[in-house]
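Working notes, structure below.
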Amino acid sequence: QFIPGIAVYVFLILSNTPASSGLFMNTIATFRIDGDVAGTYTHLTDNSNVFQYNVLAFSQQGLSDDNHVLTIEGSGDEPAYIIFDRAVYT
C-alpha cells in the first residue's frame, strides 16, 4: 500500500543472463492496482549477461488522490523472475 498519490512508477533490474546458463533469465510481470490488472511487462534476455538498471516497467497516472495497493506478480507459463528496483509515487 502506498500513501495517497495520483501516479506510480515501477522500475526493475534486468539481468540478460544467457539462456545457455540454465538460470531463469526472462522477466514476466503483471501489475495490479487495487486488485485490478493495470498492466504487464515482458523482457526476454538478449544473452548479453549485462544488467540493466532503472528500467521503467510500469507506470499509471490519473489515479484518485487516495490510498492504493500495488501488487507485482510473476506471470506466464515459463519460469521467470522479477528483480524489483524501486517504486515512485506522486
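Positions are given from 1, in the same order as the sequence printed here.
- The other residues sharing a hydrophobic cluster with F11 are Y9, L56, V88, where clustering joins ILVMFWY side chains under 4.5 Å apart.
- Other members of a hydrophobic cluster containing V50 are absent, since no ILVMFWY side chain comes under 4.5 Å of it, directly or through relayed contacts.
- For S20, the side-chain contact (heavy atoms from CB on, under 4.5 Å) partners are P18, not counting sequence neighbours.
- Of all the heavy atoms in T45 and A19, the pair that sits closest is CG2-N, 4.4 Å.
- Within the structure, no pair that satisfies the salt bridge (charged side-chain N to carboxylate O under 4.0 Å, His left out) test touches residues 12-27, not counting sequence neighbours.
- Between Y81 and T27 the shortest side-chain heavy-atom distance falls below 4.5 Å.
- Partners of F31 under the ring pair (Phe, Tyr, Trp, His ring centres under 6.0 Å) rule, at least two apart in sequence or in another chain, are F58.
- A heavy-atom distance below 4.5 Å is not found between the side chains of L12 and I83.
- Applying the side-chain hydrogen bond (donor to acceptor under 3.5 Å, both in side chains) test to N16 and every residue at least two apart in sequence or in another chain returns H43, Q52.
- The salt bridge (charged side-chain N to carboxylate O under 4.0 Å, His left out) pairs that include a residue from residues 33-54 number zero, where partners must be two or more places apart or lie in different chains.
- Applying the salt bridge (charged side-chain N to carboxylate O under 4.0 Å, His left out) test to every pair with at least one member in residues 15-33, sequence neighbours left out, gives these pairs: R32-E73.
- In this structure, CD1 on I82 lies 11.0 Å from CG on L14, to the nearest 0.5 angstrom.
- For residues 79-90, no pair satisfies salt bridge (charged side-chain N to carboxylate O under 4.0 Å, His left out), with sequence neighbours left out.
- Here D65 pairs with P4, I6 under the side-chain contact (heavy atoms from CB on, under 4.5 Å) rule; sequence neighbours left out.
- The line from CG of L23 to OG of S15 is 8.0 Å long, rounded to the nearest 0.5 Å.
- Residues that satisfy the side-chain hydrogen bond (donor to acceptor under 3.5 Å, both in side chains) test with S75, not counting sequence neighbours, are T30.
- Hydrophobic clustering (side-chain heavy atoms under 4.5 Å, transitive across Ile, Leu, Val, Met, Phe, Trp, Tyr) groups I72 together with I33.
- A 4.5 Å side-chain heavy-atom check between F84 and V10 finds at least one atom pair inside the cut-off.
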